[in-house]
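Shown next, in structure tokens, is the structure this report addresses.
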Amino acid sequence: MTSLEKRLREIRASGRKALVPYFVAGLTPDWITHVEAAVLAGADAVEIGIPFSDPMMDGVVIQEAAMRALDAGTNLDSISMDLSALSVSVPLIAMTYYNIFHHYGVERAAGKLQASGISGAIVPDLPIEEGGEWFSACAAHDVATILLVAPSTPQGRVETITTACQGFCYATARMAVTGRSSDGGDGARVVDRIRASSDIPAYIGIGVTTPSQAHDASVAGDGVIVGSVLVQAILDGASAPDIEHIVRQFRLAID
Amino acid sequence: MSTEREFMAAPGTLGHFGAYGGRFVPEALMPACLELETAFIDAWADPTFTERYRTVLREFAGRPTPVTPLRRLSAQLGIEIFAKREDLAHTGSHKINNVIGQTLLTKRMGKRRVIAETGAGQHGVATATACAQMGLECTVFMGEIDTERQALNVFRMELLGATVVPVTSGSRTLKDAVNEAMREWVTCVEDTHYCLGSVMGPHPFPWMVREMQSIIGHEAFQQMIDLGASTPDLVVACVGGGSNAAGVFAGFANTSARLVGVEAAGGSAVGKGSPGVLHGMRSLLMQDEFGQIEEAYSISAGLDYPGIGPEHAYLADIGRAEYFAIADEEVIGALEVLSLTEGIIPALETAHAVAWILKEAGREIPLGSKVLLNLSGRGDKDVAQVREMLRGQQ
């Protein structure tokens, strides 16, 4: 079992629901302080978004943030350098599109993640059928390969996915890109389908934008991922204390 | 035809063409891609469906398009050029072949709405046209820059009842229109088909679109025989994503003809690209040292794409097809030559292929060769832009 999954199972066993904030690496020069603020406010793990020029699964907020981060010269090497200045006690999880790792070289990229203190990776445009090389590279570097299950995923496929999935299984709450929410979504139903196949922790993400939605998601799932609302705040100029305040609202809502 | 399937055969269930192709999509879209693959395989093997497809192309789209010997240009260059006249197809380019196939498939799958991306507007206009004819709702995503460069095509789509959504993200051109169409598709896969316009994207699109465009090559193969010209020495087509090239190559892949794809120098995925993953496929892409996709630059919006269809990447790898690049400066001259010598104003995209023939006659193309040019589209949409550029040169 990967060290990430061991850790996340311990959190679940302790009766605590996991809160996983998402940040776009390199969005501001002091982005590392946002990560630290989130941990201070009670994050159990942090997703580090590695910006990509063509983020197919992201809505306008993360698109805009990715563009700004790229314009500022952010890349896998600069992120790794920034992370070396970070000392937090929670796991870090990379989230990006496959071309970033494919182009860097999958073996080299997995090694780079490990060397940067990252213990899991989410690659939403890499389905299990095409993931072989990446999964092997990650296995060699104790990087958990976190896979997604969507509301549209048939049960048979959920079983295949959960078999290959490590760390936690990402239940996408709705058929939409990141940052859009109009209702509670299908997160609970997706979590049920994951649990019918596996006992891996199941976290709900995509469109969780308010503490009250986070609360509902945490009742159904083992954890909640909160992204666009934080990224929007940073785009609007939020400071580290602001981020700490926002994340604390989510923490309070799910505890 | 026992050798028919040696090159450009069906790619198998994972959609791989050698190291390229595949299906790199978010999990939410995977069931839709699998459903589409099943539906296509089923329809394409059903004579009722293929007959309907051919009938609509004949009655509505003007097929078969003729092959025209370009006699004056041939005499000037010392080679024998034949043009497959996709410019004469309804809506002015080969794009109609694919959209007729995909909209018929949309209806067969019981979906009521179609979304599409477009660069120059040709695929958008063709999709809007087919949707109007078949009573389907249609939304077209188009880069904001392209909506300005091709404002008349936006109006055409609207006349045909389509909604055109200008895409303001990223480089605001074709690649961003594809991203936006994919994002939209996630939200509406239940009742909406994504009608991709080229031999790109996740499996089964590269294969399905090639099959739906292969009517170009199969017609041309027979027409060359009927003209007493038999197999050409070269088959030449312009390549953005590569659908017209794939369509014409499909008729000649298992003959002795050299297959030549002509890219825009500013969008030359084979010339300047490296393997990468974008828009659901692994292919050759223009990208920087960290895998960020680079913006393509071309005077023709239809070739403004930083990638190429995965089967082309494969055909380039194994040497079955060759790919060359033509610079913007060479294109307008070629458009003028074809207009003046043959009375055909080609699309700027097509003019790249014409430019390559003009440049290479007597060099890459030995004198006396028989060349089949896929005249993929007409230039009506481009004349305002060409006038501006010619004025600028004076």
Side-chain angles (χ1 to χ4, degrees), chain A residues 50-60 62-64 66-67 70-71 73-79 96-105 109 123-131 134 147-154 157-158 161 169-172 174-178 180 182 190 206, chain B residues 13-16 19 21-35 167-172 175-190 192 201-203 273-283 285-295 306-307:
Chain A
I50 303 171
F52 179 51
S53 54
D54 294 79
M56 188 165 78
M57 227 189 95
D58 286 305
V60 287
I62 293 173
Q63 286 174 41
E64 167 71 20
M67 191 79 93
L70 289 174
D71 287 346
T74 305
N75 58 54
L76 192 47
D77 290 345
S78 73
I79 293 167
T96 192
Y97 293 84
Y98 189 44
N99 199 51
I100 297 294
F101 297 145
H102 184 274
H103 192 74
Y104 202 83
V123 188
D125 62 342
L126 184 65
I128 36 175
E129 289 86 347
E130 299 287 350
W134 174 242
L147 303 177
L148 290 81
V149 170
S152 59
T153 311
R157 198 172 163 83
V158 173
I161 291 170
C169 189
Y170 195 132
T172 64
R174 40 178 62 71
M175 295 294 285
V177 294
T178 57
R180 289 188 201 166
S182 49
V190 179
I206 308 291
Chain B
T13 53
L14 291 177
H16 288 164
R23 187 154 36 202
F24 294 83
V25 293
E27 205 48 49
L29 286 179
M30 190 55 93
C33 289
L34 294 169
E35 177 200 10
V167 175
T168 55
S169 58
S171 60
R172 293 176 290 148
K175 84 175 171 80
D176 309 285
V178 176
N179 289 334
E180 211 52 43
M182 293 266 189
R183 289 177 188 127
E184 170 75 10
W185 199 28
V186 173
T187 69
C188 58
V189 282
E190 287 288 318
T192 300
H203 179 61
S274 55
V277 173
L278 178 71
H279 294 154
M281 64 184 176
R282 191 202 309 258
S283 192
L285 308 173
M286 291 168 57
Q287 51 190 327
D288 74 9
E289 61 169 316
F290 287 100
Q292 306 297 345
I293 306 306
E294 294 189 325
E295 292 173 26

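Letters A, B, ... are given to chains in the order of the sequence lines, protein chains preceding strands, and every chain is numbered from 1.
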Query - Which atoms of I128(A) approach chain B - backbone, side chain, both or neither, heavy atom under 4.5 Å - result: neither
Report task. Can you tell which part of I161(A) gets under 4.5 Å to a heavy atom of chain B, answering side chain, backbone, both or neither? Result -> side chain
[Y] backbone acceptor or donor facing [X] side chain under 3.5 Å:
X	Y	value
R183(B)	D58(A)	yes
S152(A)	P31(B)	no
N99(A)	G291(B)	yes

Requested in this report: Count the heavy-atom pairs under 4.5 Å between each of G59(A), P51(A), P127(A) and chain B, then report the option with the highest count.
Outcome: P127(A)
Report task. Go through Y97(A), Y98(A), F52(A), F101(A) and name the one with the most non-hydrogen pairs under 4.5 angstrom from chain B. Result -> F52(A)
Minimum heavy-atom separation for [X] to [Y], with atom names?
X	Y	answer
M56(A)	P26(B)	CE-CD, 3.2 Å
I293(B)	S53(A)	N-OG, 2.8 Å
Q292(B)	L70(A)	NE2-CD2, 3.3 Å
H103(A)	E289(B)	CD2-O, 3.3 Å
F290(B)	N75(A)	CE1-ND2, 3.2 Å
M67(A)	G170(B)	CE-CA, 3.2 Å

Query raised in the report: Going by heavy atoms in the side chains, are H203(B) and E129(A) under 4.5 Å from each other?
Result: no
Query raised in the report: Just wondering, do M57(A) and M182(B) contact through their side chains at under 4.5 Å, heavy atoms?
Result: no
Please classify the contact between [X] and chain A as side chain, backbone, both or neither, with a heavy-atom cut-off of under 4.5 Å.
X	value
P275(B)	both
T168(B)	neither
V178(B)	neither

**Report entry** Interatomic spacing from NE2 in H102(A) to CG in L278(B) - rounded to 0.5 Å
**Finding:** 12.0 Å
Requested in this report: Start with the C-alpha distance between V25(B) and D125(A), add both sets of side-chain angles, then the distance that settles side chain to side chain contact (heavy atoms under 4.5 Å, CB included), and finish with yes or no.
Outcome: CA-CA 5 Å; V25(B) 293; D125(A) 62 342; over 6 Å; no
Query raised in the report: Going by the salt bridge (charged side-chain N to carboxylate O under 4.0 Å, His left out) test, which pairs reach into residues 21-33 of chain B, not counting sequence neighbours?
Result: R157(A)-E27(B), R23(B)-E37(B)
Requested in this report: Check salt bridge (Lys or Arg N to Asp or Glu O under 4.0 Å) between D288(B) and all other residues, then give those that pass, not counting sequence neighbours.
Outcome: none
Query raised in the report: Strictly by modelled atom types, are E130(A) and H16(B) linked by a side-chain donor-acceptor pair under 3.5 Å?
Result: yes
**Report entry** Among the listed options E184(B), E295(B), H279(B), R282(B), the residue most often paired with chain A at heavy-atom distances under 4.5 Å
**Finding:** R282(B)
